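What follows is one structure encoded as structure tokens, with my remarks underneath.
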Amino acid sequence: MTQATNTQTGLLGARLSAFLSERRGLIRDYFSAVSGAGGRLVFSLVYFVALANALSLADFGRFATASAAGVMLSRLLAFGFISALYRTATVRPNLIGTFTAGFLLLALLSLPVLAAAGFGVYLLFFAGEMALSVFAAVILAEALLWRPVEVVLIVNNGLGRFGRASVMAIAGTLMRALFAAAFFFWPSRTLADWSLFYTAANAVSAVIAFAFFYPRQRLRLRLPLYLRRMADSVYVAGAEVLFYLQMEFDKLLVLSIGGPQLAGVYAIIMRLVDLTAIPIRTFSMMLVQRMMRAPEMLARLRTRVGIELGVFTVSTLALLALAVILHFFPNILGKNVSTAAPLVGLGLCVPGLRNLVEYQSELLFARGQTLLRAFNLAMLAGLKALLLVFMLKHGPDAAELIWSLNALFAALWVASAALTYSALKRPAKAA
């Protein structure tokens, strides 16, 4: 009996060793990428704590909402051609210089559209909350400075240079943390002052990114090549705007309906939720790359369920750990954050459900189903807006609002899963 047990143990050990040996490169790449996520998590927390306690709760809500608008608008840059650049880096890296030239040309052409859209958003949501110059500085920082930094990260990840991407991700987040810490000790801590600090932090990050981390290739314009990719790029741009619309539009609604004070509390809670998503996004990014090369890898139901269960469990445990820490040490993240500390545990299911919706969106992108992805995100954005307006119109306090978000994101997950997994039955499109 003992001999049989030893034999089984030896076979299991041999299989495990063979499994790890075959996937050594994948495991190394994952830990290279996740190390960047870990560094970003640490410095993102420093940045968040410094800024949340430097600004008043209302100003923090205003800034977080303007930043969310900037993230949405940044997806208009180059009309979504960043997706073509990413696919090129992943599949045809020798054409990076050619597609970089196309990105720069289209980025320049997209500036009037970006400016017009930004001004429209300002008139709709921010005209009574902040000066146009402050709003413009935040949009500039997000769309024209930080979005290019993301391009550098995207290209390096596409090339499989996960270590370099991790270092750049940490450096960019570190710049924000350092400038936020400097602002904390600044004698005049107004929203206008912070908009200048924020612009400077993102400008430094952009210079570092392109000076030290972007691959060196000769820039060559090939217009016919770009035209073949434009339809897909526009779909991606629309999908990205819709994705961040359904991810960030809630902040705009809370500000416009609930006011800056409620927006500040809501922004703190959702920022803590965002922090739980950083490691999950690393996993999603690597899975997307594998699916570009092997679109049928999620054909088995057991694999799909296992991944979704893992994403939900890790995300939920992360927020649960944070809620427990804040319960016993409510002031650990500062006075302003302590205002929202008792509410963190009320949204326990929100990170898992939110991360699953994001993960499902990435599956459609990986399979080249960009138009369907855009439709899915438009549906989710509309559903989320309707549900949130209904909740806000009934005048809930902050605790009731956060508690209700569990049901809201559960509805979004059901709708997203139904469409996404129906789409997986269709043939994937070539990259």
Side-chain angles (χ1 to χ4, degrees), residues 29-52 54 63-64 66-75 77-78 82-83 85-86 89 96 100 103-104 107 137-184 194-216 240 244 247-248 271-272 274-286 358:
D29 289 343
Y30 177 77
F31 279 104
S32 294
V34 86
S35 65
R40 287 184 67 187
L41 184 62
V42 171
F43 291 122
S44 291
L45 186 59
V46 173
Y47 163 72
F48 164 69
V49 171
L51 185 59
F63 167 72
S67 177
V71 171
M72 287 188 289
L73 292 168
S74 72
R75 270 52 198 175
L77 187 68
I82 292 170
S83 66
L85 192 54
Y86 180 46
I96 286 177
T100 300
F103 166 75
L104 293 174
V138 176
I139 301 304
L140 169 67
E142 293 289 359
L144 300 184
L145 295 174
W146 185 254
R147 186 57 174 160
V149 172
E150 290 181 331
V151 171
V152 177
L153 299 178
I154 286 168
V155 169
N156 276 284
N157 283 325
L159 290 170
R161 299 175 181 176
F162 301 111
R164 289 177 63 83
S166 296
V167 172
M168 183 58 238
I170 293 172
T173 313
L174 174 60
M175 286 301 108
R176 288 184 172 185
L178 289 175
F179 275 80
F183 177 69
F184 185 83
W194 169 243
S195 69
L196 298 178
F197 273 78
Y198 191 62
T199 302
N202 286 286
V204 172
S205 297
V207 170
I208 293 172
F210 283 95
F212 300 103
F213 292 92
Y214 202 77
R216 296 290 182 263
E240 288 287 302
Y244 282 97
M247 290 283 285
E248 306 288 359
R271 183 56 184 163
L272 294 174
D274 283 340
L275 293 175
T276 69
I278 291 177
I280 297 297
R281 284 172 183 150
T282 302
F283 166 78
S284 297
M285 176 267 296
M286 298 194 72
E358 182 175 340

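In this text the structure is predicted, and so the values were computed from the model without any measurement.
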Inset, instruction - Give the minimum heavy-atom separation between Pro215 and Arg161, together with the two atoms involved. - result: CB-NH1, 3.8 Å

Inset, instruction - Write down the atom of Phe184, the atom of Ala54, and the distance for their closest heavy-atom approach. - result: CD1-CB, 3.8 Å

Inset, instruction - Taking the side chain as every heavy atom from C-beta outward, state whether Phe162 and Asn157 have any atom pair closer than 4.5 Å. - result: yes

Inset, instruction - Verify, without hydrogens or angle tests, whether Arg164 (side chain) and Phe212 (backbone) share a donor-acceptor contact under 3.5 angstrom. - result: yes

Legend entry - Distance (rounded to the nearest 0.5 Å) between Arg216 CZ and Thr100 OG1: 11.0 Å

Inset, instruction - Please confirm whether the backbone N or O of Phe63 pairs with a side-chain atom of Ser67, one donor and one acceptor, at under 3.5 Å? - result: no

Legend entry - Distance, nearest 0.5 Å, that separates CG of Leu144 from OG1 of Thr199: 10.5 Å

Legend entry - Heavy-atom side-chain contact between Met175 and Phe43 under 4.5 Å: no

Inset, instruction - Flag the pair Val204 / Phe179 as yes when at least one side-chain heavy-atom distance between them is below 4.5 Å, and no otherwise. - result: yes

Inset, instruction - Kindly compute the distance separating CD1 (Ile82) from CD (Glu150), expressed to the nearest 0.5 Å. - result: 7.5 Å

Legend entry - N/O donor-acceptor pair under 3.5 Å between Ser74 side chain and Glu142 backbone: no

Inset, instruction - Using a 4.5 Å cut-off on heavy atoms from C-beta on, say whether the side chain of Tyr214 contacts that of Ile96. - result: yes

Inset, instruction - State, yes or no, whether a side-chain contact exists between Val155 and Leu85 at a heavy-atom distance under 4.5 Å. - result: yes

Legend entry - For Pro148 against Ala143, the heavy-atom pair lying closest together: CD-O, 3.8 Å

Inset, instruction - With rounding to the nearest 0.5 Å, note down the distance linking CZ in Phe197 to CG in Leu51. - result: 11.5 Å

Legend entry - Neighbour count >12 (heavy atoms, 6.0 Å) for atom CZ, Phe210: yes

Inset, instruction - Give me the ring orientation class for Trp194 and Tyr47: parallel if the planes are under 30° apart, tilted from 30 to 60°, perpendicular past 60°. - result: tilted

Inset, instruction - Report the distance from atom CZ of Phe213 to atom CG of Leu153, rounding to the nearest 0.5 Å. - result: 9.5 Å

Legend entry - Residue pair Ser44 / Arg176, side-chain heavy-atom distance below 4.5 Å: no

Legend entry - Student check: side-chain heavy atoms of Asn202 and Val149 closer than 4.5 Å: no

Inset, instruction - Search all heavy atoms of Ile139 against all heavy atoms of Gly70 and return the closest pair with its distance. - result: CD1-CA, 3.4 Å

